[in-house]
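Notes for the one structure printed next.
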Amino acid sequence: MGRAHEVRAKAMAATAAKKSKLYSIYAKEIIKAAKGNPDPVSNDVLRRVIEKAKRAQVPADVINRNIDKVKKGDVENYDTVEYEAFAASGSNLIIKCLTDNPARTVSFVKTAFNKCGAKLANQNSVTFMYEHLGVVGIKGHSEEEVMDALINADVDANDIELEEDMVVVYTEVADLNNAKKALETAFPGIEFELDEISYFPNETVTLDGEDKEKFERLLTMLDDIDDVSNVYHNVEL
């Protein structure tokens with residue numbers, strides 16, 4: 001399986017989780033992206049979040065209601081915060097959160113760590129072991145066609161893979177929107193099967209016995225925290 005499988009697995013897990021948290025996370029992302037410019041036509045970040053929300057089957061009412069909140073100025077300020085952690089047998093994690101109260105969020109995260117044998121790490125002590133990449137995937141076109149579209153638009157890709165019937169492009173985070181625009185120009189009307197920014201571990205580990213049980217419990221506890229939007233790790237599960 002390629003790296004794109006990891007992105008899809010995370011998306012499926014999020015969709016299978018309780019809808020209230022899913023809707024809450026997307027509401028925060030929409031509000032954060034819409035601040036300063038609530039028009040998705042001219043706000044690339046907001047448009048991308050809306051597209052992601054639709055793929056996750058978030059109702060249009062949830063999307064529109066939170067854009068309207070921004071227009072009225074009736075919203076909280078949400079910040080993206082990331083925490084890094086070390087766990088058993090060489091395992092590690094990056095936890096991404098959207099929160100209006102970082103002190104509350106880190107308290108909940110630390111509680112999960114303490115109960116599951118993980119330890120909060122210093123900034124950049126884990127992320128340097130991961131690739132931080134933008135990912136887009138489309139169907140109906142060949143690797144060669146996709147590569148030509150990116151070259152013609154002078155967009156650099158870190159990697160291009162064929163996974164099943166989907167061509168997946170990996171870019172630097174800053175180049176993701178340019179890659180999308182290049183593909184949309186070359187293939188009018190395409191829909192992106194994948195459109196994410198994700199962390200990919202350079203190396204993975206396998207856990208057994210009690211270490212595996214604790215790690216899986218940690219993932220469950222983190223998923224139960226409303227402010228946690230994504231968890232990236234280097235464990236083969």
Side-chain angles (χ1 to χ4, degrees), residues 7 10-11 13-40 43-54 56-87 91-128 130 132 173 196-199 214-233:
V7 175
K10 288 185 177 67
T15 303
K18 55 186 178 181
K19 289 184 179 180
S20 59
K21 176 174 179 178
L22 182 69
Y23 295 172
S24 173
I25 289 297
Y26 274 108
K28 293 175 184 177
E29 289 194 7
I30 289 167
I31 289 170
K32 187 174 187 293
K35 281 288 189 73
N37 181 5
D39 182 5
N43 184 335
D44 289 340
V45 175
L46 176 58
R47 182 169 64 252
R48 179 172 171 273
V49 173
I50 292 172
E51 290 170 354
K52 283 177 58 183
K54 289 180 178 178
Q57 299 181 350
V58 175
D61 176 64
V62 174
I63 296 170
N64 295 332
R65 185 170 66 247
N66 285 285
I67 292 176
D68 287 342
K69 285 182 180 180
V70 175
K71 291 178 179 179
K72 295 175 182 177
D74 183 25
V75 290
E76 301 287 343
N77 289 316
Y78 292 105
D79 295 315
T80 299
V81 293
E82 292 185 359
Y83 304 106
E84 303 172 35
F86 293 111
S91 59
N92 53 61
L93 311 93
I94 301 170
I95 299 96
K96 181 179 177 181
C97 306
L98 269 173
T99 179
D100 59 349
N101 187 333
R104 176 196 66 218
T105 304
V106 73
S107 175
F108 288 157
V109 169
K110 282 183 176 180
T111 297
F113 289 170
N114 292 337
K115 291 183 177 181
C116 301
K119 182 180 179 181
L120 189 67
N122 293 328
Q123 188 176 12
N124 298 325
S125 57
V126 172
T127 53
F128 83 93
Y130 288 70
H132 193 206
V173 172
E196 298 286 341
I197 294 173
S198 190
Y199 284 100
K214 283 185 176 181
F215 193 85
E216 291 176 342
R217 183 184 177 204
L218 174 59
L219 294 181
T220 298
M221 291 188 68
L222 291 171
D223 186 58
D224 287 340
I225 299 172
D226 287 342
D227 296 335
V228 173
S229 57
N230 282 288
V231 177
Y232 310 96
H233 59 79

Test side chain to side chain contact (heavy atoms under 4.5 Å, CB included) applied to F108 and D226, step by step: CA-CA 10 Å; F108 288 157; D226 287 342; over 6 Å; no

Interatomic spacing from CZ in F113 to CG in L222 - rounded to 0.5 Å: 6.0 Å

Under 3.5 Å: donor-acceptor pair, side chain of K21, backbone of D223: yes

Short side-chain to backbone donor-acceptor contact, R104 and T99, under 3.5 Å: no

Taking every non-hydrogen atom, the tightest pair across K115 and R217: O-NH1, 3.2 Å

Close side-chain approach of H132 and T127, heavy atoms under 4.5 Å: no

Whether T111 side chain and S107 backbone form a donor-acceptor pair below 3.5 Å: yes

Distance in Å, R47 CZ paired with E51 CD, rounded so as to fall on 0.5 Å steps: 6.5 Å

Heavy-atom closest pair, residues C97 and Y83: SG-CE1, 3.9 Å

Side-chain heavy atoms of L219 within contact of L93, under 4.5 Å: yes

Carboxylate-amine/guanidinium proximity below 4.0 Å for E76 and K28: no

Y78 side, atom OH; I25 side, atom CD1 - distance, nearest 0.5 Å: 9.5 Å

Residue pair A34 / N43: nearest heavy atoms and the distance that separates them: CA-ND2, 4.3 Å

Point-to-point distance, once rounded to the nearest 0.5 Å, from CD of Q57 to OH of Y26: 11.0 Å

Worked check of salt bridge (Lys or Arg N to Asp or Glu O under 4.0 Å) between R65 and D68: CA-CA 5 Å; R65 185 170 66 247; D68 287 342; over 6 Å; no

Flag, side chain of N92 to backbone of V126, donor-acceptor distance under 3.5 Å: no

E84 and Y130: side chain donor to acceptor below 3.5 Å: no

Heavy-atom closest contact (V58 atom, I63 atom, distance): O-CD1, 4.0 Å

P38 versus P40, closest heavy-atom pair with distance: O-CD, 3.3 Å

Side chain to side chain contact (heavy atoms under 4.5 Å, CB included) evaluation trace for I30 with L46: CA-CA 6 Å; I30 289 167; L46 176 58; 4.1 Å; yes

Minimum-distance pair of heavy atoms, taken over all atoms of A112 and L218: O-CD1, 3.7 Å

Residues V49, K32; criterion side chain to side chain contact (heavy atoms under 4.5 Å, CB included); working and verdict: CA-CA 10 Å; V49 173; K32 187 174 187 293; over 6 Å; no

I197 CD1 to R48 CZ distance, which is reported to the nearest 0.5 Å: 4.5 Å

Test log, rule side chain to side chain contact (heavy atoms under 4.5 Å, CB included), inputs F215 and H233: CA-CA 10 Å; F215 193 85; H233 59 79; 3.7 Å; yes

K110 atom NZ: more than 12 heavy-atom contacts under 6.0 Å: no

Atom pair CG/OH of N66 and Y23 - distance to nearest 0.5 Å: 12.5 Å

